[in-house]
Amino acid sequence: MGFERTFVMLKPDAVARGLIGEIVGRIERKGLTIAAMRMEMLSRETAESHYAEHRGKPFFDGLVEFVCSGPVVLMVVEGFSAISVTRRLAGKTAGAEADPGTIRGDLALSNRYNLIHASDSPESAEREIGRFFGGAEFFGAPRERLRWIYDAAERRSPGGGGGHE
Ligand code: CMP
């Protein structure tokens, strides 16, 4: 909780389906800030280390092939409770089971082609941001915008919108 940064990847299905704007729009409309963003083709090595915890699972090879099959959008998203909020915006992994109102629930049906990856914990967020954005500059939201997203007391509280006062 508190002010956090999380790592988000829009997968090749999101890019191929023309859903970058739709998904980024949902993240921004919630009040979170895109603090860094770029587009690239993942190398097999990078994809395998990003998904290392799934190595050995039946879907691992197909997953790595899929995320390397086209360009992805890499982002750092920041704001109050950014890690859990972004996970809830994404919805459950399996598109067919994800709740309506979520990105996957509204836009996906597949287990694999589920449009978005978002860090699942502060430890994952730190590791994944470091992997993809080590040394990068992050751009916080202008204070005038945050004024309408966080109450002044929240912005003053430890961690609450910290770094923006
Ligand atoms: P993500 O949140 O990026 O984390 C692991 C990814 O593996 C997941 O999204 C899906 O893209 C993929 N995945 C998870 N479960 C399955 C499955 N049963 N079959 C195929 N792909 C899966």
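Just so it is clear, the structure is predicted and the values come from calculations on it, not from any experiment. In listed order, ligands and their atoms are each counted from 1.
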Using a 4.0 Å heavy-atom cut-off, say whether [X] meets ligand 1 through its side chain, its backbone, both or neither.
X: M9; answer: neither
X: R104; answer: side chain
X: Y51; answer: side chain
X: N111; answer: both

With a cut-off of 4.0 Å, which atoms of ligand 1 are near a heavy atom of K11?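 Numbered from 1, ligand 1 contributes 1 (P), 3 (O), 8 (C), 9 (O), 10 (C), 11 (O).
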Do R5 and F133 form a cation-pi contact, if we require the NZ or CZ to be under 6.0 Å from the six-membered ring centre and within 45 degrees of the ring's axis?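 Judged by the rule, R5 and F133 form no cation-pi pair.
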Can you figure out which of F59, Y113, F60 has its heavy atom closest to atom 22 (C) of ligand 1?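 That would be F59.
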Among all protein heavy atoms in this structure, tell me which lies nearest to atom 6 (C) of ligand 1, with the distance rounded to 0.1 Å.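 In this structure, atom 6 (C) of ligand 1 has L63 CD2, 3.7 Å as its nearest protein heavy atom.
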Mind checking whether F7 and H50 have parallel, tilted or perpendicular rings, split at 30° and 60°?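 Perpendicular, since the angle between the ring planes exceeds 60°.
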Check whether any side-chain heavy atom of F132 lies under 4.5 Å from a side-chain heavy atom of T46, and answer yes or no.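 The answer is yes, as the side chains (C-beta and beyond) meet within the 4.5 Å cut-off.
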Distance-only donor-acceptor check, side chains S81 and S84, under 3.5 Å: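 Note: S81 and S84 side chains miss the donor-acceptor criterion.
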Is a side-chain donor-acceptor pair under 3.5 Å present for E128 with S119?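 There is such a pair (donor and acceptor under 3.5 Å, judged by atom type) between the side chains of S119 and E128.
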Do ligand 1 and R87 have nitrogen or oxygen atoms that lie under 3.5 Å from each other?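 No, no N or O pair falls under 3.5 Å.
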With a 4.0 Å cut-off, would you call R38 and E40 a salt bridge?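 Counted as a salt bridge, because a side-chain N and a carboxylate O are separated by less than 4.0 Å.
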